[in-house]
Every structure is written in C-alpha cells, then in structure tokens.
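What you see is a predicted model, and the numbers here were worked out from it, not measured in a lab. The figures here come from the full heavy-atom set of this structure, side chains too, leaving out hydrogens, waters and symmetry mates. Each chain gets a letter, A, B and so on, in the order its sequence line appears, and its residues count up from 1.
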There are 2 protein chains.
Amino acid sequence: MSKKTTIYDIAKELNITAATVSRALNNNPKISAKTKELVFETAKKMHYEQNKLALALKSGKSFNVGVIVPRIDSNFFSSVIRGIEEELYPEGYHVIICQTHDQQELEIKNINSLLNAQVDGVLMSVSNANIEKLDGFKSLLKKNVPLIFFDRKKNIKNVSTITIDDYKGAYDATKHLIDQGCKRIAHLSNNRKLEIFKNRYLGYKQAIIDSGLTFDENLVVESFSKVLEGRKQTKLFLEMDNRPDAIFSSSDFTALGAIQEITSYGLRIPEDISVVGFSNEPFTKFMELSITSVDQSPREMGRIAAQIFLEEVNNDAKVKSEKHVVLSPELKIRKSSQKF
Amino acid sequence: MSKKTTIYDIAKELNITAATVSRALNNNPKISAKTKELVFETAKKMHYEQNKLALALKSGKSFNVGVIVPRIDSNFFSSVIRGIEEELYPEGYHVIICQTHDQQELEIKNINSLLNAQVDGVLMSVSNANIEKLDGFKSLLKKNVPLIFFDRKKNIKNVSTITIDDYKGAYDATKHLIDQGCKRIAHLSNNRKLEIFKNRYLGYKQAIIDSGLTFDENLVVESFSKVLEGRKQTKLFLEMDNRPDAIFSSSDFTALGAIQEITSYGLRIPEDISVVGFSNEPFTKFMELSITSVDQSPREMGRIAAQIFLEEVNNDAKVKSEKHVVLSPELKIRKSSQKF
DNA sequence: CTGTTAGCGCGTTCAT
DNA sequence: ATGAACGCGCTAACAG
C-alpha cells in the first residue's frame with residue numbers, strides 16, 4: 001500500500017508547515033503567490049489528493065447524499081436518479097443509492113445506515129409498506145439532516161416535496177378513455193394509503209362523475225405493481241357479468257398484465273377493451289401493441305429534488321421553509337386506447 | 001442542530017474515560033460486565049451513534065464500495081447491483097453507484113471521485129468507450145484499492161473478474177437456431193473490442209462452422225445496444241438480395257428493434273425470420289411475441305463479485321492472486337425462435 | 001480492568 | 001505571510 005501523501009508530506013518536502021500547505025491549496029489570499037505555486041507544483045509531483053474523510057470529519061460535511069427508492073430496476077426511479085446525479089455531481093456530491101424493495105424494515109435500516117455514514121441529506125420516495133409510521137424519519141429530522149420526498153411523499157412539516165399532479169394525470173387519462181367511447185372503466189389501483197395512488201383514484205373517479213357516467217366501486221381493485229398481479233386482477237374483471245370496456249391502471253406493469261390477460265381471452269384491444277397505464281415506462285412504447293400511458297418526467301423530477309436539496313443545504317437557513325413543487329403529467333396516447 | 005452525542009459525552013456522564021466507553025461499545029473482553037452494561041444503557045439513553053467518519057479516518061476503511069456501470073436502467077445491471085447489495089449490506093458496507101453512460105470521460109471522473117471518497121474497493125463493468133486505455137485504472141491500482149470487473153472486463157494482472165461464458169451462450173443460441181432449420185443466420189454485434197461482444201461473435205461463428213453452414217461476414221454488423229439501432233441494421237439485412245432467415249443479436253434491445261422492423265415488413269416471426277436476443281431482460285418474456293434470449297444470472301454475478309471483494313479486503317494478502325469466475329449462461333427458448 | 005496518550009488528515013484560530 | 005497548537009470522534013499502544 002503505497003501510503004497516500006498528505007499535506008504533511010509535502011510540507012516536509014518544502015520545509016514549511018502543513019497549515020501553510022493547506023492554506024495554499026485552498027487558495028487563501030494571505031499566501032504569497034510564490035509559495036502557492038511551489039505547493040501546487042510539488043502537490044502534483046507527489047500525487048497528492050485531499051482526503052475527503054478527514055475533511056468530512058473536520059467540517060461535518062461528507063458530500064454524500066443518500067437516495068432511497070423502492071427499487072432501481074424501474075425506468076421511473078432510475079431516471080429520477082439520473083436527474084439527481086446530473087445536478088449533484090457538478091457540485092461535488094456523491095450519491096449513495098439504497099433500495100427498500102418496499103420493505104419497511106429495510107427502509108428504516110437504510111435511513112439509519114445513511115445517517116451513520118454522515119450523509120448531508122436524504123432524497124427519498126417512501127416505500128409502499130411504510131405508510132402511517134413516521135418513526136423512521138424522526139432520527140433524520142432530529143439531526144436536522146435535510147430530507148426531501150419525491151413522488152411518494154409523506155406530509156411532514158419542514159420537509160419539501162416534489163411530485164407530479166397525479167390527480168390530473170389520472171383525470172386526463174380517464175377522460176381520454178371516455179372520449180374514445182368507453183362507458184365502464186375499471187381501475188387497477190394500488191395501496192391508497194400512499195398519496196399518489198389515492199390521487200390517481202380520485203382523479204379517475206372525478207372524471208367519470210364529471211362525464212355523467214356512473215361510478216362503480218366494484219370496478220376498483222388494489223394490487224401491487226407487478227405484471228402477474230395485473231393479470232390476476234384483470235381476470236376477475238373479465239369474468240364479471242357486466243365486464244368493463246376499459247381499464248385505467250395506476251402502473252404500466254399491471255397494465256401490461258391486463259393486456260396479456262385480455263389477449264389470452266381472445267378479446268381485442270382497444271376495440272373490446274381499452275387500456276391505459278401510468279409512468280410511461282419504455283416498454284409501453286416498444287410493444288407491438290403500444291400502451292397509452294401517463295408520463296411523469298422523472299428526470300426533471302430528480303433534477304428539481306436535487307436543486308431543492310442544494311438550496312436547503314446552502315442556506316444556513318435559520319428559517320426553514322418547506323417547498324412543494326408539483327409537475328404536470330402528460331398523457332402519451334398510443335394503440336392500446338386509440339380507437340380512431 | 002441537536003449536537004450528536006459522542007463517546008466523550010457518555011464518558012463524562014459516567015465519570016470514566018472515552019477509551020473505556022469505546023472499549024465497552026466494542027465488546028472488549030477486558031471490560032467488566034458491569035461497566036459494559038452501564039455504558040450500553042446510557043448510550044441508548046443519550047441516543048449515541050457511532051460516527052463512521054471518525055472511524056473511517058482512524059481505520060482507513062470507509063466501508064463504502066463503489067460500483068461503476070454503464071447505466072442502471074437495464075435489468076441486467078440493476079440486478080447485478082442488487083446481488084452486490086445483498087452480499088455487502090450484511091457486512092456493513094455501503095454501495096455508491098456511478099453511471100458512465102458509456103462515456104470514457106465520466107468513467108475516469110467516477111473512478112477518481114470514488115477514490116477521493118476513500119472507497120474500500122471498486123466493482124465495475126467497463127464502459128463501451130473505454131477500450132484500450134488503461135490509464136484510468138492506474139490510480140486505482142497504484143493505491144492498492146481492490147478492483148473487480150464483472151461482465152465487461154479488461155485483462156489486468158492482479159485484478160479478479162467474474163463473467164459469463166459469452167462464447168458458450170452465443171454458441172448455444174446459434175446452434176438452437178440451426179436446429180430449428182435456419183440456414184442464413186445474421187448477427188447483430190456490438191463493439192468487438194469489448195471481450196463480451198468478441199466472444200459472442202466467436203461463439204456464433206464457430207456454431208455455424210461446426211454445423212457445416214457457410215459463414216458469411218456480410219451478415220455481421222456492429223451497433224449500439226439500442227432499439228432504434230437494431231431497427232436500422234435489420235433494415236439493411238432485409239433489403240439484401242439474399243436476406244437472412246434468422247438474427248442472433250448480442251443484445252435484447254437490438255433484438256427488439258429487429259422484431260419491430262421485421263414485423264413492419266409484413267414478415268412473420270419465427271416462420272420467415274427467427275430472432276434470438278441476449279441478456280434475458282424482463283420484457284423479452286412479457287412481449288406478446290416473447291423473445292428467446294440468453295440468461296446471464298446477473299444477481300448471482302453480483303453476489304460473487306461482492307464475495308471476491310470481501311475475500312480480497314479481508315485477506316491481508318501479501319500474496320495477491322487474481323481469481324476468474326465464469327458463470328454458465330442459459331438459453332431461454334421462447335416464441336421468437338420456436339418453429340415447432 | 002481502566003486511564004493516559006497519541007494519531008488518523010485536515011482546517012482554523014491565535015500568535016508572530 | 002507563516003508557524004504552533006488544537007479539535008473533529010474514534011481506537012490502539014502503553015501503562016498501571
């Protein structure tokens with residue numbers, strides 16, 4: 001292990017003090033141009049690199065931020081992460097990514113673990129499991145570590161959030177189905193204790209009511225965002241006496257499951273049953289039968305989350321204020337719902 | 001900022017020394033059971049949590065490892081990462097994920113950045129761009145930070161690797177197409193300066209030769225692993241006078257593009273043209289026309305990469321030895337190539 | 001069994 | 001303009 005060179009090494013080399021070296025490296029105006037140059041030169045020569053750990057210990061800043069998401073293998077979350085990176089990298093931050101796999105236990109573990117790693121902030125989308133309890137966040141808030149929710153949020157005072165207008169996204173999607181002539185629109189929902197799913201449900205419901213159609217609670221079911229779950233629930237819809245003529249899904253994955261099940265029944269899409277998903281995952285565009293879906297501009301969401309973090313961390317902010325950004329979703333109309 | 005409590009705080013509380021507290025917390029056998037209990041108790045009472053940064057500075061270990069991948073929004077890489085996490089989390093490590101987006105500049109930046117963060121090791125899959133130069137890795141190797149390549153490797157002495165047998169995967173896939181009666185099999189390759197693509201090419205070629213078919217270099221093209229690239233290259237194949245009756249693609253994404261293009265020409269799959277992809281991305285299974293593909297057991301790959309890292313980091317290893325693990329791929333036969 | 005001392009690498013007073 | 005000394009929080013070596 002070729003010992004890393006420290007400021008002491010280069011100080012010794014130059015017969016000066018480590019303090020002077022430190023100052024020179026940090027461009028302290030009180031250091032003569034000559035010594036500065038000398039220091040920079042020998043620093044390069046000796047392959048000096050600042051030990052961020054020592055700096056972190058000294059300054060209390062690690063320049064690491066934690067990002068907690070349910071999973072990274074969905075285009076939505078990985079795109080958000082990309083947005084976050086784009087914004088934070090140039091500022092010298094690193095991103096530590098944790099997955100909860102929707103398990104509350106892991107979520108809490110992750111938070112504590114990040115806290116121990118002395119992260120400067122946490123950006124997160126709460127897991128499906130962690131709904132009512134706020135315990136997990138107490139430790140964060142108590143230590144005054146900036147916390148920002150994106151997409152799946154909780155309402156906690158002094159905590160900023162960035163979301164999309166799920167209500168509008170769902171409303172527009174449902175309205176679109178109605179405009180295509182659909183009269184009995186089912187809804188594949190998800191855990192409605194999470195705001196995003198509650199709002200998608202409410203937008204869906206309101207669009208139906210506003211259009212003068214009858215709202216039928218039996219056409220709403222909750223399921224996890226998995227392809228097979230979508231199939232299972234859709235099967236139940238298809239076996240109803242009075243089966244729906246459209247399905248608005250709160251997830252692209254369940255929408256895909258719905259399509260598989262509908263097709264396996266020999267029914268046509270969109271003629272017999274139209275389908276709309278949510279998130280605009282890439283595969284929705286690539287299917288032979290492309291899927292109409294609601295785009296959430298995840299990259300933009302990530303960038304904004306990161307910007308909010310930077311504001312919070314830079315404002316020495318005695319007065320902390322919460323900020324709530326809401327992005328507007330965009331309906332991408334494709335074959336699975338376009339009858340004409 | 002409610003100051004974090006340190007071992008000094010709890011030492012003062014108990015009228016003992018910080019050192020004793022440290023020892024008690026670390027279960028040093030020389031500490032009396034009574035004081036241990038006392039320390040643990042007040043530690044909990046005062047919400048003490050170890051400052052990993054100080055520990056890292058002291059021990060020279062940050063308990064962070066860097067993982068560098070081209071991108072995280074492919075199931076293959078995100079699954080590898082999951083495997084890595086599963087193995088490393090229980091050992092107290094954190095994972096810092098970096099994406100190169102196949103840009104060499106970013107790759108080098110990431111390495112240096114991770115080095116500055118004092119990571120204990122780097123697990124990476126090299127970018128498509130960084131082919132010949134090894135410069136970027138010098139800094140890593142010089143500092144004696146464990147480096148492990150997975151999937152996309154380079155040959156550097158003392159560096160362990162974990163890959164799949166790409167040659168065999170490609171050979172089996174091509175052999176399968178031949179068994180289905182295909183005679184003119186094209187190959188959508190990728191940058192063959194990367195071993196994985198070179199080996200897939202070689203396996204494909206050998207299977208053709210071994211079967212007594214004629215190998216035609218014109219049926220091999222390189223392209224990036226993107227759907228649209230796949231379409232573009234396939235179009236060229238389709239407009240040949242003597243068009244191929246099968247396509248073996250080195251990527252599921254280009255395979256998908258191929259399918260789209262073939263379909264748009266009104267040709268049938270697999271009857272007119274069969275298609276096989278590589279990586280077993282989830283969508284290959286979910287398409288109405290499911291795609292035959294080669295599974296790379298990414299999660300297993302991640303776990304093994306992590307295990308190798310742990311071995312290296314735990315062996316105080318004067319004698320460093322490289323280890324090369326090769327996993328066996330598995331062909332998943334689906335509709336896109338199954339004629340009977 | 002426990003206290004004392006020192007050092008990990010850095011930035012920052014307080015002097016000079 | 002620079003040096004000396006200290007502290008961030010923790011552990012390890014050396015007492016006793």
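- Distances shorter than 4.0 Å separate none of the side-chain N or O atoms of T6(A) from OP1 or OP2 on dG9(C).
- At whole-Å resolution of the value, CD1 in I7(B) and C1' in dC8(D) are 12 Å apart.
- The base of dC10(C) is paired with the side chain of Y8(A) by a donor and an acceptor separated by under 3.5 Å.
- Residue S32(A) places at least one side-chain N or O under 4.0 Å from the OP1 or OP2 atom of dT2(D).
- Rounded to an integer number of Å, the gap from N27(B) CG to dT2(C) C1' is 16 Å.
- Across the helix from dC1(C)-dG16(D) to dT16(C)-dA1(D), the helix axis at one end is tilted relative to the axis at the other end by 50° (nearest 10 degrees, each axis from five pairs).
- Residue A54(B) has its side chain nearest to dC10(D) when only dG11(C), dC10(D), dC8(C) are considered.
- In summary, the side chains of T17(B) and T20(B) do not present any donor paired with an acceptor at a separation below 3.5 Å, with no hydrogens or angles considered.
- Between the P atom of dT4(C) and the CG atom of N15(B) lies a distance of 12 Å, rounded to the nearest Å.
- At a cut-off of 3.5 Å, with distance as the only test, no side-chain donor of T5(B) or H47(B) sits close to an acceptor on the other residue.
- Looking at N27(A) and K36(A), their side chains do bring a donor and an acceptor atom within 3.5 Å of each other.
- For E86(B) and R82(B), the salt-bridge test passes: some basic side-chain N is under 4.0 Å from an acidic carboxylate O.
- Between S59(B) and dT11(D) there is no side-chain N or O to OP1 or OP2 distance below 4.0 Å.
- Between the side chains of S160(A) and E312(A), at least one donor-acceptor pair of N or O atoms lies under 3.5 Å.
- Of the side-chain N and O atoms in T20(B), none sit less than 4.0 angstrom from OP1 or OP2 of dT2(C).
- Nearest to the side chain of L57(A), among dG3(D), dT11(D), dG9(C), sits dG9(C).
- Salt bridge annotation for R71(B)-D102(B): present, with a cationic side-chain nitrogen under 4.0 angstrom from a carboxylate oxygen.
- Proximity of T35(B) to the phosphate of dT2(C): a side-chain N or O atom is located under 4.0 Å from OP1 or OP2.
- Here K157(A) does not pair with E322(A) in a salt bridge; the nearest charged N to carboxylate O distance is not below 4.0 Å.
- If you run side-chain contact (heavy atoms from CB on, under 4.5 Å) between I162(B) and each of V326(B), L123(B), L327(B), D151(B), only L327(B) comes through.
- Contact check, Q118(A) against dC8(D): no side-chain N or O comes under 4.0 Å of OP1 or OP2.
- Between N51(A) and dC8(C) there is no side-chain polar atom (N or O) within less than 4.0 angstrom of OP1 or OP2.
- Counting any heavy atom pair closer than 4.0 Å across all strands shown, I16(A) reaches sugar-phosphate atoms only and no base atom.
- A side-chain N or O of N155(B) and one of E195(B) form a donor-acceptor pair less than 3.5 Å apart.
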For nucleotides 12-16 of chain D, which of its nitrogen or oxygen atoms have a protein nitrogen or oxygen under 3.5 Å away, and what is each distance?
unit_1, atom_1, unit_2, atom_2, d
dA13(D), N6, R23(B), NH1, 3.0

